[in-house]
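Worksheet for the structure shown next.
Computed from a predicted model, the values in this text were never measured in an experiment.
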Amino acid sequence: MNGVVLPVWLDALLTIVEQAQFALLRLGHWLGLTGEAHGQPAWPWSHRIAGETLLIDLGVARQLAWSGIAVGLALTAMLLALGWRRRRALLLTMAAACLVLAPWPAPALLFARAAPTSFHASPTGFSVEAIALGARVYEQHCAACHGEDGRGEGPLAATLPRWPPTLVGPLLGRRADGELFWHIADGMRDDDGRLVMPAFAGVLRDEEIWAALDYAKALAAGEGAKAAGSWQMAVPVPDMTIRCGADTPRRLAQWRGGQRLRLVAFDGSPQRIPMEDPRFLTLLVTPDGKPPASVPQFRSDCVAVSGLAWDAAARLAGVPSSRLAGTELLADRDGWLRARGTPQQKGWSDADLLCESGQARKPAADGQPALDGLTALLLRMDAEPVRFLKGGIVH
């Protein structure tokens, strides 16, 4: 997975567009002008600004940016005209000229079709429980068409009017979660009106649809790791319940506090438990969710208390559950999974980075002391944070 490196102006434009649409949605819902769909405020219009188009078509993005500046100048001129009577005609003329001469983008390029759930956010938190539920839903309702590996080559795929899209490519990253949810709930038809995917709203509960999307993300990550040695899109550390020593169990999201994280798939003797390391928090993932019988001093004593974490880690790492032991996953301070270590490797290197930011690496300064591979990798993760845009929405 390669992250997105945006020009400063485009980054600002996408953020403004995103926040403006969210603000309209919240305002309309607060005023009672819009209802709800599937438990969240519904987008009331048939179209939305296509952030994904702005991301790939800089010409359209520049037109929108200059048009936004023109609107700002026009509003400023109109405000000045309210208190400057002698120049009112000139100011109003300037405002009109700004609006007329603005390089407005073609509506067909600027807007995309929207669904009531276009701006919905998944309530699952990408947890190991949701991934496990999604695996069951996917196996029962999705695999026959999309295939066990998500590549769209299931046993029923050839019977459909249109071949199912692969989930392993960039599809999941290009569409907002809310619109993917809608396609599953409401079904899909081709340009001729033929049904290419049935509606599951009456078959699956909302939480099952969201869980299926979580599993699809994990599936895409694992298949990408196996086939290309990279994650097709940025994936966060799955949330899970953890216990450290005799402390009260708590959720991982409440425990990390912006620290780097190392997940270690552990299934061996206590003497092989990794040492505590000040560079990151270490979390053991065991097959049954139970801590080792004893933990030697100065070794990691935090463990995921659910066996579901083992299966989720195996899926994300792209290895069978039976061969996961010894695998390590590194996450950055923002919670994105970035690197994978295998039991066979002798040390860490840039080759273990499965999620890159896309930024050009800075050459090492002359005279800088050499760093061990793991430290160098962690510092690179810190220096190159992930900027992830999904469906044109910044995450």
Side-chain angles (χ1 to χ4, degrees), residues 1-25 47-76 98-114 118-119 121 169-180 217 224 228 230-236 258 331-339 350 353-365 377-395:
M1 172 269 170
N2 289 320
V4 180
V5 181
L6 302 177
V8 174
W9 67 269
L10 181 56
D11 185 50
L13 177 65
L14 287 171
T15 301
I16 291 170
V17 167
E18 172 191 344
Q19 293 302 317
Q21 292 183 104
F22 275 120
L24 280 174
L25 178 60
H47 288 75
R48 57 172 175 80
I49 296 178
E52 60 272 33
T53 299
L54 302 178
L55 182 63
I56 61 176
D57 193 332
L58 292 184
V60 175
R62 289 191 184 94
Q63 286 180 303
L64 182 60
W66 282 114
S67 297
I69 293 173
V71 170
L73 292 174
L75 291 174
T76 301
C98 287
L99 296 177
V100 171
L101 298 177
W104 298 101
L109 299 177
L110 181 60
F111 295 99
R113 291 197 63 83
S118 285
F119 292 94
L171 171 68
L172 294 178
R174 289 177 179 170
R175 295 292 186 91
D177 286 343
E179 295 194 342
L180 292 171
K217 295 175 189 177
S230 66
W231 286 313
Q232 295 296 319
M233 65 178 188
V235 285
D332 62 22
R333 298 181 187 276
D334 296 322
W336 298 111
L337 289 172
R338 301 294 298 274
D350 283 351
L353 200 64
L354 270 65
C355 178
E356 299 185 31
S357 68
Q359 303 178 47
R361 294 195 60 189
K362 296 181 180 179
L377 187 61
L378 294 173
L379 291 177
R380 181 179 176 185
M381 287 162 47
D382 286 350
E384 302 174 9
V386 171
R387 184 68 163 164
F388 181 48
L389 289 94
K390 193 173 193 304
I393 297 175
V394 181
H395 292 257

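Residues meeting the side chain to side chain donor-acceptor pair (under 3.5 Å) test with Gln63, sequence neighbours left out: none.
Side-chain contact check for Leu337 versus Leu354: every heavy-atom pair is 4.5 Å or farther apart. Inter-residue side-chain proximity for Trp336 and Val235 is flagged as unmet; no heavy-atom pair is nearer than 4.5 Å. Annotation: side chain of Leu58 is in contact with side chain of Arg62 (closest heavy-atom distance under 4.5 Å).
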Step-by-step side chain to side chain contact (heavy atoms under 4.5 Å, CB included) determination, Val386 to Arg338: CA-CA 9 Å; Val386 171; Arg338 301 294 298 274; 3.7 Å; yes

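One distance of note links CZ of Arg333 with CE of Met381; it measures 9.0 Å at 0.5 Å rounding. For the atom pair CG (Leu110) and CZ (Arg48), the distance works out to 11.0 Å, reported to the nearest 0.5 Å. With values rounded to the nearest 0.5 angstrom, Glu18 atom CD is found 8.5 Å from Phe119 atom CZ. Atom CG of Leu353 sits about 7.5 Å away from atom CD of Glu384, to the nearest 0.5 Å. Here the CG atom belonging to Asp350 is positioned 4.5 Å from the CZ atom belonging to Arg380, to the nearest 0.5 angstrom. Note that the CG atom of Leu64 and the CG atom of Leu109 stand 11.5 Å from one another [nearest 0.5 Å].
With hydrogens and angles ignored, the 3.5 Å screen pairs a side-chain donor or acceptor of Ser67 with a backbone N or O of Pro103.
A pairwise comparison of heavy atoms in Leu54 and Ala61 identifies O-CB, 3.7 Å as the closest pair. Taking each heavy atom of Val71 and Trp104 in turn, the nearest pair found is CG2-CH2, 3.4 Å. For the residue pair Leu73 and Cys98, the shortest heavy atom distance occurs at CB-SG, 4.0 Å. Summarising the geometry of Glu179 relative to Arg113, their closest heavy-atom pair is OE2-O, 3.7 Å, with the distance given to 0.1 Å. What you find for Asp382 and Pro385 is that their closest heavy atoms are O-CD, 3.8 Å.
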